[in-house]
Peer 1: 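Shown below is the structure under consideration.
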Amino acid sequence: MSKIPLIDLKAQYLSIQPEIDAAIRRVIETTAFINGPDVAAFEQEFAQFCGAEHAVGVASGTVALQFALQACGVGAGDEVIVPAHTFCATAEAVVHVRARPVFVDIDPHTYTIAPDAVARAVTPRTKAIVPVHLYGMPADMDAINAIARQHGLFVIEDAAQAHGALYKGRPVGTLGHAACFSFYPGKNLGAYGDAGAVVTNDADIARQVRALRDHGRMPGPDGKRPKYAHAIVGYGERMDTIQAAILRAKLRHLPEWTARRQDMAQRYLALLADAPVELPFTPDDRQSVWHLFVVRVQQRAEIQARLSAQGIETGIHYPIPLHLQKSFAFLGYRPGDLPHTEAAAQHILSLPIYPELGEEQQAQVAQALRQAARGV
Ligand SMILES: *Cc1c(COP(=O)(O)O)cnc(C)c1O
């Protein structure tokens with residue numbers, strides 16, 4: 001019995017091994033490990049991919065969120081509206097800039113932040129909204145931007161799972177004031193270690209993030225960054241040159257990989273059309289890049305166990321909503337506060353979806369899920 005994992009990073013490496021090996025060797029041979037030419041080149045290529053003016057490479061998606069908030073002036077005493085149904089980093093970044101995360105519920109069909117819940121959560125202290133393009137699906141950005149405009153708020157997209165996703169034909173990354181991407185190995189565009197980027201059309205935000213990631217060094221009149229002059233208190237959170245070189249090689253393949261994920265999602269939708277599971281929903285004005293294919297099932301634990309017994313790995317993204325995490329207990333939320341988020345957390349199940357997954361394996365997953373969902 002062949003195992004079907006949730007993701008297969010080794011298969012992807014083998015499919016482009018000479019390109020990756022050459023990229024890594026190039027950096028080692030030039031020893032330009034920090035701020036090497038591949039970083040600037042990747043920034044330019046990724047900005048172009050997003051249709052944005054600027055991309056700034058940083059050490060992770062988490063730090064990209066922190067720096068974007070900081071560059072927008074979010075700090076102590078401010079509130080930032082975030083969904084509770086997301087990876088913890090979305091809210092951690094808010095705490096790291098000493099602001100307060102205000103958790104709101106999701107739209108139960110798209111799993112992205114519910115605009116009416118955002119509108120109800122705005123207070124005089126609100127400074128920013130962080131919509132998450134979860135599972136590769138853009139959030140309802142027009143509705144969110146309308147609320148932000150009305151109250152003078154910043155909008156920072158958490159696009160960690162959505163490289164290349166489209167909202168009304170426009171790629172995520174320029175739909176707010178700034179957008180944050182993660183290149184964690186398992187993301188749609190993944191490095192071979194940690195990496196992230198802030199993307200923006202705002203030159204001042206880009207300038208601030210460049211200083212924050214590199215110990216507060218600001219370019220002088222000659223355009224060069226002084227080694228030992230620090231304009232602000234920053235951090236050592238740059239993107240490694242080796243990661244940038246790997247990401248450049250992989251970015252060339254991303255459109256074809258995304259197309260494969262989209263084909264695969266359509267195939268799952270067809271194969272599972274009459275199965276007793278709730279399938280993902282895509283509004284007409286959005287194009288998901290299917291970071292995850294998430295269904296809702298009853299009796300999830302039994303179904304997961306049955307699939308696992310057949311060598312099929314599944315996941316739960318995410319089992320504990322952020323407002324009920326121990327780490328955020330100091331915010332004082334209670335079970336029942338965010339019903340759509342809590343219901344999703346109990347029933348969602350992520351199926352294997354990655355460009356290297358074969359059609360036969362996919363049919364095997366769908367068949368096993370149909371049987372398990374009927375049988376329990
Ligand atoms: C992965 C992820 C992050 C954090 O990115 P890292 O690169 O792992 O720090 C933030 N938000 C979401 C929604 C993510 O999926």
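Not measured: the values here are computed from a predicted model. Just so you know, ligand 1 is whichever comes first in the structure, and atom 1 is the first atom listed for that ligand. In what follows, residues are counted from 1 in the order of the sequence shown.
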Peer 1: Starting from the N and O atoms of ligand 1, collect every protein N/O partner closer than 3.5 Å and put each pair on its own line with the distance to 0.1 Å.
Peer 2:
| unit_1 | atom_1 | unit_2 | atom_2 | d |
| --- | --- | --- | --- | --- |
| ligand 1 | 5 (O) | Ser182 | OG | 3.2 |
| ligand 1 | 7 (O) | Gly61 | N | 2.8 |
| ligand 1 | 7 (O) | Ser182 | OG | 2.6 |
| ligand 1 | 9 (O) | Gly61 | N | 3.3 |
| ligand 1 | 9 (O) | Thr62 | N | 2.8 |
| ligand 1 | 9 (O) | Thr62 | OG1 | 2.5 |
| ligand 1 | 11 (N) | Asp158 | OD1 | 3.3 |
| ligand 1 | 11 (N) | Asp158 | OD2 | 2.8 |
| ligand 1 | 15 (O) | Gln161 | NE2 | 2.8 |
| ligand 1 | 15 (O) | Lys187 | NZ | 3.1 |

Peer 1: Determine, for Arg217 against Asp214, whether the closest basic-nitrogen to carboxylate-oxygen distance falls under 4.0 angstrom.
Peer 2: yes

Peer 1: Should the pair His163 and Phe181 be assigned to parallel (<30°), tilted (30 to 60°) or perpendicular (>60°) ring geometry?
Peer 2: tilted

Peer 1: Show the numbers, then the answer: is there a side-chain hydrogen bond (donor to acceptor under 3.5 Å, both in side chains) between Asp158 and Thr90?
Peer 2: CA-CA 7 Å; Asp158 182 338; Thr90 313; 2.8 Å; yes

Peer 1: Is there a donor in the side chain of His253 and an acceptor in the side chain of Glu19, or the other way round, less than 3.5 Å apart?
Peer 2: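 Indeed, the side chains of His253 and Glu19 share at least one donor-acceptor pair under 3.5 Å.
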
Peer 1: Does the pair Asp78/Arg125 count as a salt bridge with the N-to-O cut at 4.0 Å?
Peer 2: no

Peer 1: Going by the rule ring-ring contact (aromatic ring centres under 6.0 Å, His included), which residues pair with Tyr354 if we only count those two or more places apart in sequence or in a different chain?
Peer 2: none

